[in-house]
Amino acid sequence: MTTPAPARDDPRPTERMVFFSDAVVAIAMTLLILPLMESVAEGGGEGLTAADWAAEHGDQLLGFGISFVLVAIFWRWHHGFFDRVRRSTPTLMRWNFAWLLLIVWLPVATALSTVEGGDASNVIVYVTTIAAVPLVSAVIHLHVVRHPGLVDEDRPLDPRGLAANVSLVILLVAALALALLLPDVGYLALLLAAATPLMVRVLHRPLARLVHER
């Protein structure tokens, strides 16, 4: 007797997908440091002191710090979210790969953002990449909401997770607009993301009602 082929969205355990995602995120975080390692080697050949090197590569250090913190925040959301999701579907897996693609691309976008003499396109690539991560996270959240059988019955999803992702997307789009309108502000516009908790308070109830109505 032949075993029937699984249905298109047949639920499957998430453990292997989560372990694989954790490994990819760890590699991406490690890749963030590579441009700095190269600059250290070059600085050593030029006889630069640590202070000289830090002053010369301040933009790279800032970009590394921002991206490292962001990846850590994104991973924390991913880990916490999938700790409640016990089963996956092929559709969920595809969206998870889209999320990982953005995480893997972030080191490249970070390197582009610190290129000396870069133009507005560098800012657009970097901030758009960052904003796309919570956007895909929101899509993942909505997919799981539409398939409640994927969630651990004892640990329901927190609606504030969706509100946090939507809030971060809105604030990052605003930061991109600010950075383009006021070039002197530059990547400091990303500080707008610090207002995420405040926006979550405003959005989580309307989004929760909207999701449940659907």
Criterion side-chain contact (heavy atoms from CB on, under 4.5 Å) on Val108 and Leu31, from CA distance to verdict: CA-CA 9 Å; Val108 180; Leu31 291 176; over 6 Å; no
Hydrophobic cluster membership, Ile130 vs Val71, 4.5 Å side-chain cutoff: yes
Heavy-atom side-chain proximity of Leu190 to Tyr126 below 4.5 angstrom: yes
Separation between CG of Leu100 and CH2 of Trp95, rounded to the nearest 0.5 Å: 13.5 Å
Close side-chain approach of Asp59 to Tyr187, heavy-atom, < 4.5 Å: no
Test item: Phe19 and Thr14 side chains (from C-beta on) under 4.5 Å apart, heavy atoms: no
Residues His78 and Asn96: side-chain donor-acceptor under 3.5 angstrom: yes
ILVMFWY cluster, Leu180 and Leu182 together (side-chain gap under 4.5 Å): no
Minimum side-chain heavy-atom gap Met29-Val25 below 4.5 Å: yes
Taking every non-hydrogen atom, the tightest pair across Leu176 and Ile124: CD1-CA, 3.9 Å
Test item: Asn165 side-chain N/O and Leu135 main-chain N/O as donor-acceptor pair under 3.5 Å: no
Asp152/Arg86 ion pair, N-O < 4.0 Å: yes
Heavy-atom side-chain contact between Phe64 and Ile33 under 4.5 Å: yes
Within 6.0 Å of CZ in Arg201, more than 12 heavy atoms from elsewhere: no
ILVMFWY cluster, Val18 and Val104 together (side-chain gap under 4.5 Å): yes
Residue pair Ser21 / His79, side-chain donor-acceptor N/O under 3.5 Å: no
Ser137 and Trp77: side chain donor to acceptor below 3.5 Å: no
Side-chain heavy-atom pair Trp75, Ile103 within 4.5 angstrom cut-off: no
Atom CZ of Arg84 with >12 non-hydrogen neighbours under 6.0 angstrom: yes
